[in-house]
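As structure tokens, the structure follows; a few thoughts come after it.
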Amino acid sequence: MNNKNIQPVKGTHDIHGEEIKKFNFIVEKFYSLTNKFNFQQVQTPIIEHQDLFTRSVGEHTDIVSKEMYAFTDKGDSTICLRPEATSSIARFAASEYLSGSMKISTHGPMFRRERPQKGRYRQFHQINIENIGEKSPYVDFEMIMVANSLLKEIGVEKKHFRLILNSLGSQADQLNYSKILIDYLSQYRSKLSETSLSRLEKNPMRILDSKDEQDKEILTNAPVISENLSQESTVYFNQVKELLDNNGIDYTIDHKLVRGLDYYTDTAFEFQTNEDKRQNAILAGGRYDKLISLISPRDIPGVGWAAGVERLMSLVNIKNDKEEKLKVLLAVQNDQFLLKSEILKKIYNLNCIHEIKINKNIKKIFSYADKNNFDFILLIGDEENLNNKIVLKNLKTKEQKIFNQSEIKLDHEIR
RNA sequence: GCGGGUGUAGCUCAGCUGGUUAGAGCGCCGGUUUGUGGUACCGGAGGUCGGGGGUUCAAGUCCCCUUACUCGCCCCA
């Protein structure tokens, strides 16, 4: 027999105990907040056509080029586990969008085949909101505002995170700026790192994000995107900033903030924690006016963000919430005593947390109840079973009574 | 894809420069207490020391390979 342990798949993990409480806490806060802003919940499938992401996220991005879980279906279609949610929501919106502002909230598991480490998993969970159909500085501001409130709401202190902001400009601006950047960087070809050199052709703006020391040095005098934006994008960005200023949301402008997904235009933002130097991006997003046109015949603007639930969990402390309901343990010394007993129906009808324990050792029963913080024990031991009696003990007051099983009124006695 | 660290009981870990029968705490089972919670004390079960190879009279300990986990790089939430 093969009785070796089967490990969870690399980079995946079971969420349980205190962790699942944190997880649910964050997701519940997320929905209660976004419901207030009239976001409508949508659940999209976990599997999608691979095309969806190559066309939206971009085939040269790491996410698509090396981190996708893709497989061929029994038909001939190439299916993948979604690496992010925005593309799926965009697909949904492309078919369902009517007019005005379509506000969507969602959450669920995402999959990226990366090397796992602290705060980074192959299956991880995101909460997302998207606002599709309306382009306005207010809409961008509102997304950031909700993000900021959520962090506050789940108890992440203001001093533990910061908001980084940038504008990438319109698609035309990005093309224009890329050329300027290529011109500048070309004179340093021999000094650029290998990855930056390959990006020079495919996606020059990503070079701004380089962690290479020499690249960073070269970039200090590089032309800045904010000085190469169209008038329209500049005004737009200024108005987003004005709304943030007037509503007390602090931010830092970082001209080098570029998102790792190709579809972003204009406003880009990222909430970073200073708790953890490594995986410090806890929530990130931006505007994506051309995304829907990449995957459908329609051309609809949008803006959105995603936050990593596991990363938020590491910043959240929840107080040990007191059980509001009473806990009742029905203990029998022999499972045969349950066969004809009326007591099961009565206990199932109680508005209490209840558990049935079968153990011949009375001491064990009480010890178990004590360790697990039960309020009451209902006991049918060998003696009680003989004449259909049942013992009820209040473990807090230590008061103990004996009843006939058929006569005991549980909802009257347990409160 | 590339580096570093770690794999010993169900869990958390000791185990010195190789040297008798591999240890502790927690948990579990039983007893002191015939059916009443905590504490204490006593006893018990439970290990191919991640796997394979090598060096040696002798390997949990040293060397090589492999695998899993973990931390970091890249990248990202």
Side-chain angles (χ1 to χ4, degrees), chain A residues 3-13 26 57 60-67 82-86 107-128 147 161 193-196 198-199 203 206 209-213 215 257-261 269-273 276-285 304-315 329 331-334 357 359-385 391-400 402:
Chain A
N3 61 355
K4 282 195 175 161
N5 281 334
I6 296 178
Q7 304 276 355
V9 173
K10 185 197 278 284
T12 70
H13 58 163
I26 290 166
V57 174
H60 297 304
T61 59
D62 285 21
I63 289 175
V64 166
S65 65
K66 40 187 223 195
E67 297 173 1
R82 63 179 181 194
E84 62 122 30
T86 302
H107 88 287
M110 307 296 155
F111 305 84
R112 294 181 196 174
R113 198 180 182 290
E114 303 177 88
R115 202 61 188 269
Q117 59 186 272
K118 195 182 176 74
R120 208 179 65 189
Y121 309 102
R122 289 184 171 186
Q123 174 174 340
F124 61 103
H125 298 79
Q126 288 188 333
I127 47 182
N128 282 73
F161 68 86
S193 69
E194 206 178 312
T195 44
S196 291
S198 73
R199 281 178 182 152
N203 192 348
R206 286 296 308 286
D209 205 25
S210 177
K211 305 291 186 298
D212 184 272
E213 284 306 319
D215 286 358
L257 176 72
V258 196
R259 315 267 56 255
L261 294 73
F269 55 89
E270 183 167 311
F271 284 82
Q272 299 177 347
T273 170
D276 194 325
K277 289 196 177 68
R278 313 303 170 198
Q279 272 62 251
N280 63 2
I282 52 174
L283 184 155
W305 55 251
V309 178
E310 285 84 353
R311 288 188 185 177
L312 293 176
M313 279 162 70
S314 69
L315 301 173
L329 186 69
V332 292
Q333 274 187 297
N334 186 325
K357 182 91 179 159
N359 196 314
K360 64 176 181 356
N361 187 330
I362 305 284
K363 200 182 174 94
K364 285 286 158 195
I365 289 169
F366 275 80
S367 169
Y368 176 82
D370 193 57
K371 283 176 187 162
N372 291 283
N373 212 17
F374 279 86
D375 299 288
F376 290 91
I377 282 187
L378 281 161
L379 175 66
I380 305 176
D382 297 329
E383 281 176 29
E384 290 77 14
N385 184 59
V391 170
L392 172 66
K393 180 160 186 178
N394 182 325
L395 293 168
K396 305 295 184 223
T397 65
K398 304 190 177 180
E399 188 186 358
Q400 182 167 316
I402 301 177

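Computed from heavy atoms alone, side chains included, the values below leave out hydrogens, waters and symmetry copies.
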Atom pair [atom1] ([X]) and [atom2] ([Y]), whose distance is rounded to the nearest 0.5 Å:
X        : Y        : atom1 : atom2 : answer
A/Lys360 : A/Asp382 : NZ    : CG    : 10.5 Å
A/Lys357 : A/Lys364 : NZ    : NZ    : 9.5 Å
A/Leu312 : A/Phe271 : CG    : CZ    : 11.0 Å
A/Gln126 : A/Thr86  : CD    : OG1   : 7.5 Å

For [N] versus [M], give the span between their [atom1] atoms, rounded off to a whole number of Å.
N     : M     : atom1 : result
B/A45 : B/C28 : C1'   : 9 Å
B/C69 : B/C63 : P     : 24 Å
B/U36 : B/G27 : C1'   : 22 Å
B/A9  : B/G50 : C1'   : 15 Å
B/G4  : B/C57 : P     : 32 Å
B/G51 : B/G60 : P     : 11 Å
B/G25 : B/G19 : C1'   : 27 Å
B/C2  : B/G10 : P     : 34 Å

Within the 4.0 Å heavy-atom criterion, would you say [X] contacts the bases, only the backbone, or no part of the nucleic acid?
X        : value
A/Gln272 : nothing
A/Phe271 : nothing
A/Leu379 : base
A/Ala369 : nothing
A/Asp382 : base

List in chain and number order the residues that pass side-chain contact (heavy atoms from CB on, under 4.5 Å) with [X], two or more places apart in sequence or in another chain; answer none if no residue qualifies.
X        : result
A/Asn334 : A/Gln336, A/Phe337
A/Ala369 : A/Leu329, A/Phe374, A/Ile377, A/Leu395
A/Asp215 : A/Leu192, A/Ser193, A/Ser196, A/Ser210, A/Asp212
A/Lys396 : A/Asn373, A/Asp375, A/Asn394

Atom pair distance, as rounded to whole Å: [atom1] in [X] and [atom2] in [N]:
X        : N     : atom1 : atom2 : value
A/Asn373 : B/G38 : CG    : P     : 13 Å
A/Glu310 : B/C76 : CD    : P     : 18 Å
A/Leu283 : B/C76 : CG    : P     : 16 Å
A/Leu395 : B/G38 : CG    : C1'   : 12 Å
A/Glu67  : B/C76 : CD    : P     : 8 Å
A/Ile402 : B/G35 : CD1   : P     : 16 Å
A/Leu378 : B/U36 : CG    : P     : 18 Å
A/Gln333 : B/U34 : CD    : C1'   : 11 Å

Next on the checklist: Apply side chain to side chain contact (heavy atoms under 4.5 Å, CB included) to residues A/Glu270 and A/Leu257 and explain how you reach the verdict.
Outcome noted: CA-CA 8 Å; A/Glu270 183 167 311; A/Leu257 176 72; 3.6 Å; yes
Checklist outcome for this item: For A/Glu114, the side-chain hydrogen bond (donor to acceptor under 3.5 Å, both in side chains) test, sequence neighbours excluded, returns none
Item to check | Residues which pass side-chain hydrogen bond (donor to acceptor under 3.5 Å, both in side chains) with A/Arg82, listed by chain and number, not counting sequence neighbours | outcome: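 Residues passing side-chain hydrogen bond (donor to acceptor under 3.5 Å, both in side chains) with A/Arg82: A/Thr44.
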Can you find a side chain N or O atom of [X] that sits less than 4.0 Å from OP1 or OP2 on [N]?
X        : N     : result
A/Arg122 : B/C76 : no
A/Lys10  : B/C69 : yes
A/Gln117 : B/C73 : yes
A/Ser367 : B/U36 : no

Checklist entry - If you take all heavy atoms of A/Asp209 and A/Val258, which pair is closest and at what distance? => result OD2-O, 4.2 Å
Checklist entry - In chain order, what residues pass the ring-ring contact (aromatic ring centres under 6.0 Å, His included) check against A/His13, with sequence neighbours excluded? => result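 Testing A/His13 for ring-ring contact (aromatic ring centres under 6.0 Å, His included), a comparison that skips the adjacent residues, returns A/Tyr121.
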Checklist entry - Taking both distances under 3.5 Å as the test for a Watson-Crick or G-U pair, what stems of at least three pairs does RNA chain B have? => result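 Counting only runs of 3 or more consecutive pairs, the stems involving RNA chain B are B:1-7 with B:67-73, B:10-13 with B:23-26, B:28-32 with B:40-44, B:50-54 with B:62-66.
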Checklist entry - Closer to the 5' end of RNA chain B via nearest nucleotide, is it A/Tyr121 or A/Thr195? => result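 Looking at the nearest nucleotide for each, A/Thr195 comes out on the 5' side.
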Next on the checklist: Can you work out whether A/Lys66 or A/Ala307 has the more 5'-proximal nearest nucleotide on RNA chain B?
Outcome noted: A/Lys66
Side chain of [X] only, please: which of [options] is the nearest?
X        : options             : value
A/Lys393 : B/C76, B/G72, B/G37 : B/G37
A/Gln126 : B/C76, B/A77, B/G37 : B/A77
A/Asn280 : B/C71, B/C76, B/G35 : B/C76

Between the protein and nucleotides 28-31 of chain B, which nitrogen or oxygen pairs are less than 3.5 angstrom apart?
from  : atom 1 : to       : atom 2 : distance (Å)
B/C29 : OP2    : A/Lys364 : NZ     : 3.1

Checklist entry - With sequence neighbours excluded, what pairs up with A/Lys371 under the salt bridge (Lys or Arg N to Asp or Glu O under 4.0 Å) test? => result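 Counting only residues at least two positions away or on another chain, A/Lys371 forms no salt bridge (Lys or Arg N to Asp or Glu O under 4.0 Å).
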Could you pull out the protein-nucleic contacts involving nucleotides 1-5 of chain B (nitrogen or oxygen on both sides, under 3.5 Å)?
from : atom 1 : to       : atom 2 : distance (Å)
B/C2 : N4     : A/Arg115 : NH1    : 2.4

Next on the checklist: Please check this pair: side chain of A/Arg311 against backbone of A/Ala281, looking for a donor-acceptor N/O pair closer than 3.5 Å.
Outcome noted: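 Confirmed, A/Arg311 side chain pairs with A/Ala281 backbone.
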Next on the checklist: Working note: A/Glu84 + A/Val57, criterion side chain to side chain contact (heavy atoms under 4.5 Å, CB included); need CA distance, chi angles, decisive distance, verdict.
Outcome noted: CA-CA 9 Å; A/Glu84 62 122 30; A/Val57 174; 3.8 Å; yes
Checklist entry - So, do A/Leu379 and A/Lys393 sit near enough that their side-chain heavy atoms are less than 4.5 Å apart? => result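 With C-beta onward as the side chain, the pair stays apart.
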Quick one: which protein N/O atoms are closer than 3.5 Å to N/O atoms of nucleotides 40-44 of chain B? Pair and distance per line, please.
none

Checklist entry - Is any N or O donor-acceptor pair between the side chain of A/Arg311 and the base of B/C76 shorter than 3.5 Å? => result yes
